[in-house]
A.B. asks: 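Quick one: structure below, then a few questions.
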Amino acid sequence: MRGSVGWLRGGSKMAPVTGDSRLEGAIAALIDGSLVDLATAPQDGEEATPVYPDSDAGRSILRHSTAHVMAQAVCDLWPGARLAIGPATDEGFYYDFDLPEGAHFTDDDLARIEARMREIISEDQPFVREEVSRESGPELFSNQPYKLEIIEELADGESLSVYRNDGVGSSFVDLCRGPHVRSTAALGHFKLLKVAGSYWRGDEHRQQLQRIYGTAFESDQALANHIEMLAQAEARDHRRLGTELDLFHFPSEIGGGLPVFHPKGALIRTILEDFSRSVHLGGGYQPVWTPHVTRAELYERSGHLGWYSDVMYPPLEMEGAEYRLKPMNCPMHILVYASRGRSYRDLPMRLFELGTVYRFERSGVLHGLARVRGLTQDDAHIFCTPEQLPGELEAVVAFALEVLRTFGLTDFEAELSTRPEKFIGEVADWDHATAALEAALIASGIPYRIAEGEGAFYAPKIDIHLKDAIGRRWQVSTVQVDFQLPTRFDLSYVGADNERHHPHMVHRALFGSVERFMAILIEHYAGALPVWLSPVQVMVLPVKDANQSYAGGVIEALQAVGVRTTTIPAGEPLGARIRKGKLEKIPYILVVGDDDMSQGTVGVNRSGHDKPERGVSLSALVEEVTTAVRNRCAPM
RNA sequence: GCCUGGGUAGCUCAGUGGUAGAGCAGCGCACUCGUAAUGCGCAGGCCGUGGGUUCAAUCCCCACCCCAGGCUCCA
């Protein structure tokens, strides 16, 4: 808050921004916690705080106003266009349209719309707010069916507000809560980005609309920075890097969402999986192994066929029985638990599997390795007594963070989803589990928010999100308490009291899926993975043929301690060979020439460093590489 | 599934109603070099699939397949 601006008072007209120079350039005001137009007079006794365009709230207003201008431009260019909604988003804005007579936007239309928007902006059209009665609203929007629907849903007696923009040869009015900038002249640092499809109210059974995405900022520089960030994100795209680095691809012969891993990609995933196995075995988990197909009855009993069947592959008929591909590991782990009677002395029982599951995701949502139809979860199910639950949850959250931090990921946020309106089980169990989850989060020390009522009907849960190197959020780990499956499968253990009890059950995955986690790592590191994960760790380049056998000795020394190497003989210029290594994002590129032969040294070019280092002794280099591998870091 | 864009050489892409081009990668020859592209040459394509229009289709039309972006962060 930047201090009072009571001076913004002054009737319903726009208050002149004079006097205090700090306050020039405000585009809206905050009164009593709500954002209002500069033109809105505060009531007596209210304090107004200015909102500047370079704040989150300010940008959101700029974007919302720009969305209005875009809608105005579209209405000018396509008379009869029907408007749906046009909000600001975290990164920009969009507006959904229903064009008349089957007209459609194409990418080429964006330039036309932008041009018209710039005309509107240069006309300095004021955004004029009007309060409209509930009765006269429908008249005003008689040819805007979506606006009418919105009006109808408003509570009786609630007043409507509209914003008008009048300019040369066109005028525009939109149902809108506001606030807006005072005039279109306050806008201009925007760009329309893409045309997309959408549905009215996001419901695929309702009218298909067309959405135009754009973004707007407070300055051309800020806009340029954002566009640069988008370019960065594109350069890091794991699908692109997957091809460039020869890691994996999606053969259409196999089908959408089903990757094949090439040798280098498979090596990365093998390292991830070996690491995962090893930390789980060291962390009190027991490995299990379960098949990829099962009789459908198993998923009848688990309930998955009831609420999850739309993402399950259709049945396979075998010898008169119906089989299904496994979409989740939990029922199988339950069968392991239930294979014999259990005592409280067996608990907690933590069953771990790198379990491959198949989910029939809709074609439109597939996205490289991040969203596939066949994936391997680092999945575990913990069966424990109610008393053990808090300790188990705290340990799981700590374990998850420890594992994620091993990969150089440091920025986490969690979400605790609590009991929804429709739920099964006892309120007391929910409260117990939710409190235990929250205690685990507090103990972990990471920031979290509570998503009230967003838990699944059978369980509260924690989702852990991480922020990658360019600030994007990815959901990875999930920890879920389950009140349903132990009951459905009638799981039990005999307590110290010699009575039967249902165990508590916790589902948890740390990477989420190996495939998706690999995608996240590739994007986070822009392909330049830490040394221990790099498929090739060291490239050794002889300066000329005469240095070849010395290079061979260097390679042998590295391979002897388990370092993965490659080389290119001196058939092409050194610079070209170095470039190839750099493009492959190899952490260490060694150059060995006559000087090195005589002194037992190597020249070291480390990824992430500008200048190569000459004359490093071979033993020091071997030590450096093995240390980097052991510390699971990048070249130092 | 639906809307938009796209499918041309291994990769990135250009192109035209008269059966196709570049750069990189590959292969060959020469160059033997100290930290991000040596030169020359060769080879490489059912222009996504099927149908239609046409004397003639990679190009125009229809259908299908595949890929990408998006599909309520509320008026």
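Please read all numbers here as calculations on a predicted model, not as lab measurements. Scope of the values below: all heavy atoms of this structure, side chains included, with no hydrogens, waters or symmetry mates. Throughout, protein chains are lettered first and strands after them, A, B, ... in sequence-line order, and every chain is numbered starting at 1.
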A.B. asks: For the residue pair A:Trp307 and A:Phe457, is the inter-centroid distance of their aromatic rings smaller than 6.0 Å?
C.D. replies: yes

A.B. asks: With rounding to whole Å, what would you report as the distance between B:A68 and B:A30 at their P atoms?
C.D. replies: 45 Å

A.B. asks: With a non-hydrogen cut-off below 4.0 angstrom, is A:Phe105 in contact with a base, only sugar-phosphate, or nothing?
C.D. replies: sugar-phosphate

A.B. asks: A:Arg239 side chain N/O closer than 4.0 Å to the phosphate oxygens (OP1, OP2) of B:G69?
C.D. replies: yes

A.B. asks: With both distances under 3.5 Å as the test, what is the Watson-Crick or G-U wobble partner of B:A68?
C.D. replies: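 B:A68 is paired with B:U4.
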
A.B. asks: Between B:G5 atom C1' and A:His104 atom NE2, what is the distance in whole Å?
C.D. replies: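 It is 14 Å, rounded to the nearest whole Å.
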
A.B. asks: Using atom P of each nucleotide, how far apart are B:C59 and B:A43 to the nearest Å?
C.D. replies: 27 Å

A.B. asks: So which one's nearest nucleotide on RNA chain B is more toward 5', A:Gly255 or A:Glu613?
C.D. replies: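 Checking each residue's closest nucleotide, the 5'-ward one belongs to A:Glu613.
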
A.B. asks: Does B:G18 have a Watson-Crick or wobble partner in any strand here, with both distances under 3.5 angstrom, and which is it?
C.D. replies: B:C55

A.B. asks: Would you say a side-chain N or O of A:His367 is under 4.0 Å from OP1 or OP2 of B:C67?
C.D. replies: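 The answer is no; no side-chain N or O of A:His367 sits under 4.0 Å from OP1 or OP2.
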
A.B. asks: Assign A:Lys194 to base, sugar-phosphate, or nothing according to its heavy-atom contacts below 4.0 angstrom with the strands shown.
C.D. replies: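 Sugar-phosphate only.
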
A.B. asks: Applying the Watson-Crick and G-U wobble criteria at under 3.5 Å, what pairs with B:A63? Answer none if nothing qualifies.
C.D. replies: B:U49

A.B. asks: Any chance the side chains of A:Glu415 and A:Gln475 put a donor and an acceptor closer than 3.5 Å?
C.D. replies: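 The answer is no; no qualifying pair exists.
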
A.B. asks: Give one of base, sugar-phosphate or nothing for A:Asn547, where a contact means two heavy atoms less than 4.0 Å apart.
C.D. replies: nothing

A.B. asks: Would A:Arg59 and A:Glu218 count as a salt bridge (Lys or Arg N to Asp or Glu O under 4.0 Å) here? Give the steps.
C.D. replies: CA-CA 7 Å; A:Arg59 270 188 288 268; A:Glu218 67 276 16; 3.1 Å; yes

A.B. asks: Write down the distance between NZ (A:Lys544) and P (B:C33), rounded to a whole number of angstrom.
C.D. replies: 5 Å

A.B. asks: For A:Ile85, report the nucleic acid contact type (base, sugar-phosphate, nothing); a contact means any heavy atom under 4.0 Å.
C.D. replies: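 If one applies the 4.0 Å heavy-atom cut-off, A:Ile85 turns out to touch the sugar-phosphate alone, with no base involved.
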
A.B. asks: Find which nucleotide of RNA chain B each of A:Gln210 and A:Gly593 is nearest to by heavy atoms, and output the residue with the more 5' nucleotide.
C.D. replies: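 The 5'-side residue here is A:Gln210.
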
A.B. asks: Using atom P in both nucleotides, what's the gap between B:G69 and B:U32 to the nearest angstrom?
C.D. replies: 49 Å

A.B. asks: Using the P atom on both, measure B:A14 against B:C27 and round to a whole Å.
C.D. replies: 28 Å

A.B. asks: Considering Watson-Crick and G-U wobble pairs with both distances under 3.5 Å, what does B:C29 pair with?
C.D. replies: B:G39

A.B. asks: May I ask you to say what A:Asp107 touches in the nucleic acid, namely base, sugar-phosphate or nothing, with a heavy-atom cut-off under 4.0 Å?
C.D. replies: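 If one applies the 4.0 Å heavy-atom cut-off, A:Asp107 turns out to touch the sugar-phosphate alone, with no base involved.
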
A.B. asks: Tell which nucleotide pairs with B:C74, taking only Watson-Crick or G-U wobble pairs whose two distances are both under 3.5 angstrom.
C.D. replies: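 The base-pairing partner of B:C74, which may sit in any strand shown, does not exist here.
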
A.B. asks: With distance as the sole criterion, is a donor-acceptor pair present between the side chains of A:Trp200 and A:Glu149 under 3.5 Å?
C.D. replies: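 The answer is yes; a qualifying pair exists.
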
A.B. asks: Using whole Å, what does the distance between atom P of nucleotide B:G34 and atom CG of A:Leu541 come to?
C.D. replies: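 After rounding, the gap between these two atoms is 13 Å.
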
A.B. asks: Watson-Crick or G-U wobble partner for B:C11, using a 3.5 Å limit on both distances?
C.D. replies: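 Matched B:C11 with B:G23 under the 3.5 Å cut-off.
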
